[in-house]
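Contents: one structure, followed by commentary.
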Amino acid sequence: MISFSRNSILIDPEAETDRIVSELKRWVRQMKRGGAVLGVSGGVDSAVALTLAVRAFGPGRVIALMLPERDSDPLSELWRKKCVQSLV
């Protein structure tokens, strides 16, 4: 079980990014797939997931589906489009 403390946030962002990208590659290879399909809402979570997927597989192996929520702020739609256009 993981325990959390004040020190839990003290990470090396570059090393953690590399670890996540490596794990994505391993998992997708294990599943005998060639990339990723992600739903992108315009929020921070989907932007991070999309960025990690593009780093792992390259833009040609990532499909981003723009999936706004009915109650999404119009600004989220702008961010979603910018994020997808810049990465894929």
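Here the structure is a predicted model, which means the values were calculated and not measured.
- Placement of Ile11 and Leu24 in two distinct hydrophobic clusters is found when ILVMFWY residues are connected by side-chain heavy-atom separations under 4.5 Å, directly or transitively.
- The nearest pair of heavy atoms linking Ala64 to Leu50 is CB-CD1, 4.0 Å.
- Tracing side-chain contacts under 4.5 Å through hydrophobic residues (I, L, V, M, F, W, Y), one reaches Val44 starting from Leu38; they form part of the same cluster.
- In this structure, the salt bridge (Lys or Arg N to Asp or Glu O under 4.0 Å) partners of Arg26, at least two apart in sequence or on a different chain, are Glu23.
- In this structure, Ile9 places its CD1 atom where only 12 or fewer heavy-atom neighbours from other residues, nucleotides or ligands lie under 6.0 Å away.
- Sorted by first and then second residue, the side-chain hydrogen bond (donor to acceptor under 3.5 Å, both in side chains) pairs involving residues 44-68 (not counting sequence neighbours) are Ser41-Ser46.
- No side-chain heavy atom of Leu65 sits less than 4.5 Å from a side-chain heavy atom of Val40.
- Applying the salt bridge (charged side-chain N to carboxylate O under 4.0 Å, His left out) definition to pairs two or more places apart or across chains, those involving residues 9-21 are Glu16-Arg19.
- Residues Leu67 and Val37 fall within the same hydrophobic cluster, defined by Ile, Leu, Val, Met, Phe, Trp and Tyr side chains chained together at heavy-atom separations under 4.5 Å.
- The structure places CZ of Arg33 at 12.0 Å from CZ of Phe57, a figure rounded to the nearest 0.5 Å.
- At a threshold of 4.5 Å between non-hydrogen side-chain atoms, the residues Val21 and Leu52 count as touching.
- To the nearest 0.5 Å, atoms NZ (Lys25) and CD1 (Ile20) are separated by 13.5 Å.
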